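Following: one structure in structure tokens, then a few remarks.
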Amino acid sequence: MSDIIHLLPDSVANQIAAGEVIQRPASVLKELVENSIDAGATHIQVIIKDAGRTLLQVTDNGKGMSETDARMAFERHATSKIKVANDLFSLRTMGFRGEALASIAAVAQVEMKTRRAEDELGVAIEIAGTRVFKHEPVSCAEGTSILVKNLFFNVPARRRFLKSDNVEKSHILNEFYRVVLVYPGIVFSFFDGDEELLHLPQANIKQRIEHVFGKSSKRNWQQQLLLVETSTNLVKIHGYAGKPEFAQKAANQYFFVNGRYMRHPYFHKAVMMAYHQLIPPTEGPHYFIYFEVDPDTIDINIHPTKTEIKFENEQAIWSILSAAVKESLGKFNVAPSIDFDTEGMPDIPVHRNDDNIRPPRTTFNPEYNPFSSSSYKRTDINWESLYKGFEKQEDTPTPFSGEITVFDETEEDKHPALFGGNEVKNRNYQFKNQYIISGIKSGLMMIDQHRAHVKIMYETYRRQIEKRQGASQQLLFPEKLELNVSDRLLFDRIKAGLQYTGFDFSESDGLITIAGIPSGYNSSDAVSFISRVMDKIRELDTETPGDTSGLIAAELAESAAIRNGQPLTDVEMDDLIDRLFACEDYNYTPDGKKIFIVVETTEIEKRFIHGTSDY
Ligand code: ADP
Ligand code: MG
């Protein structure tokens, strides 16, 4: 039998290589635009037709190519950018493999015109499926224009694999964004057929973000972006993070390192950590964050379509990033202002059987302390259940009673503007035993009573943990919890937090004996409570350094808070509202649910104006 091994013809080899580099029209766009940038262009124009299937053209005013280079450019591993393997590590250009043009030419029909400044005539090349059809002088503008037609014309399987025009177009735009966000100094324009979808003038980063995304969202991006900036030995971070109220389901989230787009799920968590509690869990903040690091400390993925990058100092950068974003959020007052409307306040009728019409209260009773049993007692209301367990109980005295003072001063003292000084207090109305409705300056505010109370209790527990002053009540029968080896490590992380809230336990060889639980906590499920907290921590990335006391406080608050369906009196509602708005952040529950909504007056007015007889 004769020998059977032979070298693949170039056309086949290139087609195979192309499979890796060129997966869809978006890959063509990326490669061509990166080449234009590497060629020093200051103006780059992109035109696509049929989502890049039939045509994709990139024209630049870069340095162009000589007649020979123009032909060489289409050879595999032909590049002007690196000479030896070592150069890979000091890369300053976008492309370096010398594969892109060869790959594109292997699976499409390509027409190129290019001219250097010093040449009078340029060169035109036509090439399809690696075969050169034309190579001749041409008079053309300085720079390079590459037209890619009928992508995958010779690879039907690939062609069929492409998605709908809309999907392919959004892939193309995404690649485009990843590049234009790094080069705000370059003017870009993007045409879909005859329509100019984007025109991006020379700008700074912040303006570039607005030019790219501002059109579709109508919001004022400039005002919504907070500067994130920090500089350390390990990393320089510069960029922008969106204000929390600007978060949305499909947020624009971009990381770049040394001028390249990257995906980094771990760093993403660092950003999310900073927004913890500020946005609902289903939404994400916008961010555009640029890292500069010593190239020796990262491993750029050599694979052309992969965007993950490994960092040598990942943990440290994680913390630096999270702190930088937190600081930016902190500098700007994240809480929207809530102005209670005391003048021209809407007169909401309050229909309650036990509600006698009372004269408007003009002041707070500074003595009033909901936790001391003597300050307020009324048998026909369910007041105690609000603070179940925190009250002194006759038969089981707890060291707790009277000891927690939530406020040292009345809320009015602290927030005179919020509550309108000594003016008439607002009236509230409870709807469906679940929502408290209240008039505020900008409209009607509706508060979810359970969530509000969860938040209040959460902060109370957090304070206890911080001050290490949680009180415990002893269990009649100690509960036991057995931990396996990996659970023991988890338990170690929450031990202190549990003790500070009032859990009292002893530990021996993985067996936890719980003798006391926080006052106010329902004793029947101390074990399941601890298991729940451990499950939550397990769910989170275990690598993530984080504080477990928040989790413990959130779990305790959830079980201690009043339920929906619970009728509340005016006094209780007032108190709940006062205490809610005394919280550090009153917008979201610990797990990110909205605590209240505001229906704007303008919205109400609009509905009355447009309300015809159809309504
Ligand atoms: P790489 O970018 O990895 O070097 P490519 O296949 O993308 O490989 O390009 C091959 C070579 O062609 C480049 O190294 C560059 O010298 C030249 N080239 C490609 N596009 C342009 C352009 N728009 N302007 C000038 N030169 C270009
Ligand atoms: Mg390239």
Side-chain angles (χ1 to χ4, degrees), residues 10 13-23 25-47 56-85 87-108 110-119 122-128 130 132 135 138 140-148 151 175-176 178-180 182-183 186-189 259-261 300-307:
D10 265 5
N14 281 347
Q15 233 185 56
I16 293 171
E20 267 190 68
V21 187
I22 306 301
Q23 294 168 335
S27 341
V28 177
L29 171 117
K30 170 178 184 281
E31 295 296 340
L32 295 185
V33 172
E34 286 184 353
N35 280 347
S36 296
I37 290 169
D38 288 345
T42 58
H43 283 71
I44 298 173
Q45 184 197 58
V46 176
I47 303 175
L56 199 159
Q57 181 177 30
V58 175
T59 305
D60 67 53
N61 65 347
K63 67 181 179 207
M65 285 171 258
S66 71
E67 204 196 322
T68 329
D69 281 354
R71 176 65 191 84
M72 267 300 280
F74 289 95
E75 292 297 324
R76 199 132 65 93
H77 307 307
T79 176
S80 55
K81 298 168 195 172
I82 57 172
K83 293 205 174 79
V84 290
D87 292 354
L88 276 177
F89 298 98
S90 47
L91 281 174
R92 280 284 149 207
T93 52
M94 303 285 285
F96 51 83
R97 294 160 47 103
E99 267 187 350
L101 289 184
S103 299
I104 294 169
V107 294
V110 180
E111 297 174 20
M112 176 170 89
K113 284 182 187 160
T114 183
R115 180 168 75 81
R116 300 182 298 180
E118 63 264 41
D119 298 333
V123 51
I125 282 187
E126 282 181 31
I127 189 166
T130 59
V132 181
H135 183 186
V138 69
C140 62
E142 190 184 325
T144 305
S145 173
I146 297 182
L147 181 70
V148 176
L151 184 63
E175 287 293 355
F176 188 67
R178 291 172 184 186
V179 177
V180 301
V182 180
Y183 295 95
I186 299 179
V187 179
F188 288 93
S189 62
R260 279 164 196 276
Y261 171 81
I300 296 182
N301 203 313
I302 296 294
H303 195 282
T305 58
K306 295 247 165 70
T307 49

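The figures that follow rest on heavy atoms only: side chains count, while hydrogens, waters and symmetry mates do not. Whatever order the structure lists them in is the order used to number ligands and atoms, beginning at 1. Quantities reported herein were computed from a predicted structural model and do not represent experimental measurements.
Residues satisfying the ring-ring contact (aromatic ring centres under 6.0 Å, His included) test with F176, not counting sequence neighbours, are F188, F190. Here S145 pairs with Q57, T59 under the side chain to side chain contact (heavy atoms under 4.5 Å, CB included) rule; sequence neighbours left out.
Between the choices V58, N35, L32, V33, the shortest heavy-atom distance to atom 5 (P) of ligand 1 belongs to N35. The closest non-hydrogen atom to atom 6 (O) of ligand 1, taken over N61, L101, T59, comes from L101.
With a 4.0 Å cut-off on non-hydrogen atoms, A39 touches ligand 1 through its side chain and not its backbone. For D60, every heavy-atom contact with ligand 1 shorter than 4.0 Å involves the side chain, none the backbone.
Within the 4.0 Å heavy-atom shell around ligand 1 one finds E99. Look at M65 and you'll find a heavy atom under 4.0 Å from some atom of ligand 1.
Remark: ligand 1 atoms within the under-4.0 Å shell around heavy atoms of A73 are 10 (C), 12 (O).
For E31, no nitrogen or oxygen atom sits less than 3.5 Å from a nitrogen or oxygen atom of ligand 1, counting backbone and side chain alike.
Of the candidates I186, I44, V33, V179 forms a side-chain contact (heavy atoms from CB on, under 4.5 Å) with just one, namely V33. For the side-chain contact (heavy atoms from CB on, under 4.5 Å) test with N61, the passing option among T42, V187, T144 is T42; the others fail.
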Item to check | Step-by-step salt bridge (Lys or Arg N to Asp or Glu O under 4.0 Å) determination, R71 to E67 | outcome: CA-CA 7 Å; R71 176 65 191 84; E67 204 196 322; over 6 Å; no
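When side chains are defined from C-beta on, V123 counts as touching H135, because their heavy atoms get closer than 4.5 Å.
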